[in-house]
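Chain naming here is simple, since letters A, B, ... match the order of the sequence lines and numbering starts at 1 in each. Hydrogens, waters and symmetry mates play no part in the numbers below; they use all other heavy atoms, side chains included.
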2 protein chains.
Amino acid sequence: MNIGAAALASGVTAKSIRHYESIGLLRPAERRANAYRDYCERDVHELRFIKRARRLGFSTGEIGALLALWRDRARPSREVRRIAERHVAELEARITEMQAMAKTLGALGDACCGDDRPDCPILDDLARGSGED
Amino acid sequence: MNIGAAALASGVTAKSIRHYESIGLLRPAERRANAYRDYCERDVHELRFIKRARRLGFSTGEIGALLALWRDRARPSREVRRIAERHVAELEARITEMQAMAKTLGALGDACCGDDRPDCPILDDLARGSGED
DNA sequence: GCTTGACCTTCCCACGATGGGAAGGTCTAT
DNA sequence: ATAGACCTTCCCATCGTGGGAAGGTCAAGC
């Protein structure tokens, strides 16, 4: 299977497949006589694993750890769970932060008439700098 | 005021101040005879504006638009509001997405015993690829 | 004077993940 | 044989920030 076919089958672009190989997330693919990369079903499976994990917001570093655990048939599930829990904690922290941003901006937007005049609570607030270090 | 003092006063690093100037977010600073950048209170004020807007998650592109509106004493507040509302919508979309990630991972983590055995619903789910294109 | 240390300058490189595109080789169907 | 679709490697761009090199400048103390 050429890289294009593997890309199609996995939903990961050929560009990204090469990238994952270059950063060591994937074992270097087999090469054919013409130097083309050659993939099998198992590779496609790993690519789908990566794609799904990326969509859940795991970094490639985290995915590397997850893949290593996945390949190791003797791993304790505790490790996997720990990685996932840490990731959830990070996600929740970022969600909280973004909710605070959205809330602040929402309130400022509500206070802003949105008319033709230059008065604007949003800019006033930014200019006042009410959230210093 | 040297760049270091402006950095201290605004909370923006000297590195970032130069960067903002290089991308056109700030007007090029006045230079003294020794080529050192020279800042005034007004510059510090703009830097604080930028810092606060960055903390609210605006991109430098968006901040450029906000700054232009801020400098323009005749701007309609409608413009500002539009930018802010679009940004809030983006934030909310990303929040929703991240909440879905966290929920999925939380459920998988709950189903995972976290013991010494290799059975792990998290990896099983990733490997199954239950969320294809 | 001269040295030291803190400051400033520009320039390049790095991160994270991805995409664009150039320049060149290979396959396949007509 | 030639076209077109594929493959290869390599470099560059994004976005915001930081690290660090190499070099110029200022202030204080000897």
Side-chain angles (χ1 to χ4, degrees), chain A residues 1-26 28-40 43 46-67 87 90-91 94 97-98 101 133, chain B residues 1-26 28-40 43 46-67 87 90-91 94 97-98 101 133:
Chain A
M1 193 177 350
N2 281 349
I3 196 171
L8 202 65
S10 65
V12 177
T13 66
K15 255 326 206 197
S16 292
I17 295 176
R18 292 192 198 98
H19 175 62
Y20 293 153
E21 178 180 313
S22 80
I23 62 174
L25 207 52
L26 292 172
E30 298 293 310
R31 299 297 186 121
R32 289 201 277 201
N34 55 12
Y36 284 17
R37 289 175 179 80
D38 195 11
Y39 296 94
C40 62
D43 297 318
E46 290 209 357
L47 282 169
R48 276 204 269 253
F49 182 107
I50 294 171
K51 187 189 168 85
R52 176 134 170 84
R54 285 288 304 133
R55 194 178 299 167
L56 284 175
F58 287 99
S59 68
T60 50
E62 290 169 322
I63 295 174
L66 289 174
L67 267 178
H87 182 60
E90 275 167 28
L91 281 178
R94 276 195 282 162
E97 200 179 342
M98 293 174 79
M101 289 178 191
D133 317 283
Chain B
M1 194 179 346
N2 281 349
I3 196 172
L8 203 64
S10 66
V12 178
T13 66
K15 246 348 197 190
S16 291
I17 295 177
R18 292 193 196 96
H19 175 62
Y20 293 154
E21 177 181 315
S22 80
I23 62 175
L25 207 51
L26 293 172
E30 298 294 310
R31 297 299 185 118
R32 288 200 278 201
N34 55 14
Y36 285 15
R37 288 174 179 81
D38 195 11
Y39 296 93
C40 62
D43 297 318
E46 290 208 358
L47 282 168
R48 276 204 269 254
F49 182 106
I50 294 172
K51 186 188 168 84
R52 175 134 171 81
R54 285 288 302 133
R55 194 176 302 167
L56 283 175
F58 287 99
S59 69
T60 50
E62 289 169 323
I63 295 174
L66 288 175
L67 267 178
H87 182 58
E90 275 168 29
L91 280 177
R94 275 194 282 164
E97 200 178 341
M98 293 173 78
M101 290 179 192
D133 317 283

DNA chain D base-pair string [pairs: Watson-Crick or G-U under 3.5 Å; |: paired with another strand]: ||||||||||||||||||||||||||||||
Test item: B:His19 side-chain N/O and B:Ala14 main-chain N/O as donor-acceptor pair under 3.5 Å: no
Residue whose nearest DNA chain D nucleotide is more 5′ - B:Lys15 or B:Arg54: B:Arg54
Heavy-atom closest contact (A:Leu25 atom, A:Leu67 atom, distance): O-CD1, 3.6 Å
Expected output: side-chain B:Ser10 to main-chain B:Ala6 donor-acceptor under 3.5 Å: yes
Distance test, side-chain N/O of B:Tyr20 to OP1/OP2 of D:dG16, below 4.0 Å: no
Shortest non-hydrogen contact between B:Arg37 and B:Tyr39, atoms and distance: CD-OH, 3.0 Å
Rounded distance in Å - CD1 (B:Ile63) to P (D:dC15): 13 Å
Position toward the 5' end of DNA chain C (nearest nucleotide), B:Tyr39 or A:Asn34: B:Tyr39
Touch class at under 4.0 angstrom, heavy-atom based, for A:Arg18 against every strand present: base
B:Arg48 (side chain) donor-acceptor with B:Ala9 (main chain) under 3.5 angstrom: yes
Sugar-phosphate, base or nothing in reach of A:Ile23, heavy atoms under 4.0 Å: nothing
N/O donor-acceptor pair under 3.5 Å between B:Glu62 side chain and B:Ser59 backbone: yes
d(CD1, A:Ile3; P, D:dC6) in whole Å: 13 Å
Donor-acceptor contact present, side-chain B:Asn34 to main-chain B:Tyr36, <3.5 Å: yes
Sugar-phosphate, base or nothing in reach of A:Arg31, heavy atoms under 4.0 Å: sugar-phosphate
Verdict with reasoning, B:Arg54 to B:Tyr20, per side-chain contact (heavy atoms from CB on, under 4.5 Å): CA-CA 12 Å; B:Arg54 285 288 302 133; B:Tyr20 293 154; 3.9 Å; yes
Range on DNA chain C touched by chain A - first to last nucleotide, heavy-atom distance under 4.0 Å: C:dA17 to C:dC27
